[in-house]
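These notes are about the structure you will find just below.
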Amino acid sequence: MAAPSGGVNCEEFAEFQELLKVMRTIDDRIVHELNTTVPTASFAGKIDASQTCKQLYESLMEAHASRDRVIKNCIAQTSSVVKQLREEREKNLDDLTLLKQLRKEQTKLKWMQSELNVEEVVNDRSWKIHMLLITTCSCCLVASVVPNSV
């Protein structure tokens, strides 16, 4: 699933996480997708498995790139907020509300950065499963090329 066209709300971490959860649906369902991609012997002549394999590969690539953009965009936005709050904090050392807001944003930034690690694990798992299909299904060998990150 691609990122929503209306933009991403990076201010609320819970919403950010929920969006990523929805965007990771293709990866969560990769085994099901692959099972429905490879035709059984009775359907082998009726379905173009290489085309279906290629479409799944392209969907995975698009989903991974889209999530990567969303995560990095939110990290950049939150980093900017943290920088701004640090500058304000230097001017107002006694402002406890400002300090609290800075800590909150720094924590959110760390959580967003950790989503890059989660994303790496999710992507790696999907590509390993996809590779398993490619090695067991000669019909998909022509249709797919796995990225260098695997």
Side-chain angles (χ1 to χ4, degrees), residues 1-89 100-150:
M1 175 182 177
S5 58
V8 178
N9 180 2
C10 300
E11 293 176 24
E12 292 296 326
F13 186 74
E15 289 181 32
F16 169 77
Q17 268 192 317
E18 185 61 29
L19 174 64
L20 289 178
K21 179 181 174 184
V22 171
M23 293 176 75
R24 287 178 177 143
T25 301
I26 188 171
D27 294 88
D28 294 340
R29 296 180 39 101
I30 188 73
V31 172
H32 172 74
E33 293 293 328
L34 292 173
N35 284 339
T36 58
T37 298
V38 180
T40 60
S42 60
F43 287 100
K46 301 174 185 170
I47 297 173
D48 184 358
S50 65
Q51 182 62 29
T52 309
C53 236
K54 181 179 177 185
Q55 289 170 344
L56 179 59
Y57 168 79
E58 290 170 355
S59 295
L60 278 172
M61 288 294 292
E62 181 184 328
H64 294 178
S66 180
R67 290 193 311 260
D68 188 64
R69 277 191 306 274
V70 166
I71 294 168
K72 288 180 178 175
N73 178 50
C74 283
I75 287 172
Q77 285 181 31
T78 306
S79 293
S80 177
V81 170
V82 167
K83 180 182 176 187
Q84 178 187 1
L85 288 170
R86 277 187 183 142
E87 290 170 358
E88 289 179 35
R89 175 77 176 133
K100 186 177 178 180
Q101 182 64 26
L102 174 60
R103 297 290 184 244
K104 178 183 172 189
E105 291 297 319
Q106 287 173 326
T107 300
K108 182 172 66 171
L109 178 60
K110 287 176 187 175
W111 289 341
M112 287 180 173
Q113 290 167 334
S114 73
E115 284 298 327
L116 284 174
N117 296 329
V118 172
E119 191 63 20
E120 184 178 337
V121 170
V122 169
N123 293 352
D124 186 52
R125 176 185 171 269
S126 293
W127 289 125
K128 283 180 181 177
I129 293 170
H130 193 263
M131 268 308 282
L132 180 62
L133 171 72
I134 291 170
T135 58
T136 59
C137 175
S138 61
C139 61
C140 296
L141 285 173
V142 178
S144 301
V145 177
V146 176
N148 295 335
S149 63
V150 175

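Worth knowing before you read on, the calculation uses all heavy atoms, side chains too, and leaves out hydrogens, waters and symmetry mates.
No donor-acceptor distance shorter than 3.5 angstrom exists from the side chain of Ser66 to the backbone of Ala63, with no hydrogens or angles considered. Remark: side-chain polar atoms of Thr78 are paired, donor with acceptor, to backbone N or O of Cys74 under 3.5 angstrom. Listed for the Arg67 side chain is a donor-acceptor partner under 3.5 Å among the backbone atoms of Met23.
Distance CG/Leu116 to CD1/Ile75: 4.0 Å, rounded to 0.5 Å. We find the OG1-CZ distance between Thr107 and Arg103 to be 8.5 Å, quoted to the nearest 0.5 Å. To the nearest 0.5 Å, atoms OG (Ser59) and CD (Gln55) are separated by 7.0 Å. How far NZ of Lys100 is from CG of Leu85: 14.0 Å, rounded to the nearest 0.5 Å.
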request  = Check step by step if side-chain contact (heavy atoms from CB on, under 4.5 Å) holds for Leu56 and Ile26.
outcome  = CA-CA 9 Å; Leu56 179 59; Ile26 188 171; 4.3 Å; yes
task = List the steps and the verdict of side-chain contact (heavy atoms from CB on, under 4.5 Å) for Lys108 and Phe16.
result = CA-CA 10 Å; Lys108 182 172 66 171; Phe16 169 77; over 6 Å; no
ask   = Between Asp27 and His64, does a side-chain contact (heavy atoms from CB on, under 4.5 Å) hold up when you go through it step by step?
value = CA-CA 9 Å; Asp27 294 88; His64 294 178; 2.7 Å; yes
message = Using the rule given for side-chain contact (heavy atoms from CB on, under 4.5 Å), can you reason through Gln77 versus Val81, listing the C-alpha separation, both sets of side-chain angles and the distance that settles it, and then say yes or no?
response = CA-CA 6 Å; Gln77 285 181 31; Val81 170; 5.8 Å; no
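A pairwise comparison of heavy atoms in Cys10 and Asn73 identifies SG-ND2, 4.5 Å as the closest pair. When all heavy atoms are compared, the tightest approach of Ile30 to Leu60 is CD1-CD1, 3.7 Å. Annotation for Ile71 and Met112: closest pair CG2-O, 3.8 Å, computed over non-hydrogen atoms.
The list of salt bridge (Lys or Arg N to Asp or Glu O under 4.0 Å) pairs with a residue in residues 12-21, not counting sequence neighbours, is empty.
Heavy atoms of other residues, nucleotides or ligands lying less than 6.0 angstrom from CD of Glu58 number more than 12. In the displayed structure, Glu11 atom CD is contacted under 6.0 Å by at most 12 heavy atoms of other residues, nucleotides or ligands.
In this structure, Glu119 pairs ionically with Arg24, as a charged nitrogen and a carboxylate oxygen lie closer than 4.0 Å. Under a 4.0 Å N-O distance rule, the pair Arg86/Glu105 does not qualify as a salt bridge.
The aromatic rings of Trp127 and Tyr57 sit tilted relative to each other, their planes meeting at an angle between 30° and 60°.
The closest side-chain heavy-atom distance from Gln17 to Glu115 is below 4.5 Å.
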